[in-house]
Novice: 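Shown below is the structure under consideration.
Just so you know, these numbers use all the heavy atoms, side chains as well, and skip hydrogens, waters and symmetry mates. What you are looking at is a predicted structure, and each value in this text was computed from that prediction instead of being measured.
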Amino acid sequence: MTTRERTYARANSQRAAQYTELWIVGRPEDIAAMVQVASASGRLVYLSAPRSMGGDDTRQRRYLRLRTTR
């Protein structure tokens, strides 16, 4: 591995360590409360549009990206 490749790999792993990505599933009001807390703390980076679980399941699924450091 060249010096350039090592530097690039190290920079990528440091960028990846700055974020936590997760899917959350729950009732819309529960998700809204979690999003409000994440937003107020300054950790919310990205929030996807709500997606229904399908069928007669009333829960929703959303993707969140949260900053791990401030």
Novice: Roughly how far apart are Q36 CD and L44 CG, rounded to 0.5 Å?
Specialist: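 Output value for this atom pair is 11.5 Å.
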
Novice: A quick test of your reading: do over 12 heavy atoms of other residues, nucleotides or ligands sit less than 6.0 Å from CD of E21?
Specialist: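 Buried by this count: over 12 neighbours within 6.0 Å.
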
Novice: Return the minimal non-hydrogen interatomic distance between I31 and V25, and the atom names on each side.
Specialist: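 Here I31 and V25 meet closest at CD1-C, 4.5 Å.
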
Novice: Would you compute the distance between atom CZ of R61 and atom OG of S52 and round it to the nearest 0.5 angstrom?
Specialist: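 The CZ atom of R61 sits 8.5 Å away from the OG atom of S52.
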
Novice: Would you give the length of the straight line joining atom CH2 of W23 to atom CG of L64, rounded to the nearest 0.5 angstrom?
Specialist: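 The distance works out to 10.0 Å.
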
Novice: Strictly distance-based, threshold 3.5 Å: is any side-chain N or O of S41 a donor or acceptor partner for the main-chain N or O of A38?
Specialist: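 Present.
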
Novice: In Å, rounded to the nearest 0.5 Å, how long is the span from OH of Y19 to CZ of R43?
Specialist: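 Here the rounded value is 12.5 Å.
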
Novice: Taking atom CE of M34 and atom CG of L22, what is their separation to the nearest 0.5 Å?
Specialist: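 Reported to 0.5 Å precision, the distance equals 8.5 Å.
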
Novice: So, the side chain of R67 versus the backbone of G42: is there a donor-acceptor pair under 3.5 Å, distance only?
Specialist: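 Yes, R67 side chain to G42 backbone: donor-acceptor pair under 3.5 Å.
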
Novice: Assess the residue pair T68 and L66 against the criterion (side chain to side chain contact (heavy atoms under 4.5 Å, CB included)); give the C-alpha distance rounded to whole Å, side-chain angles, the decisive distance to 0.1 Å, and a yes or no.
Specialist: CA-CA 6 Å; T68 56; L66 302 172; over 6 Å; no

Novice: Indicate yes or no for a side-chain donor-acceptor contact from R62 to the backbone of S48 under 3.5 Å, with no hydrogens or angles considered.
Specialist: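 Here the side-chain-to-backbone pair exists.
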
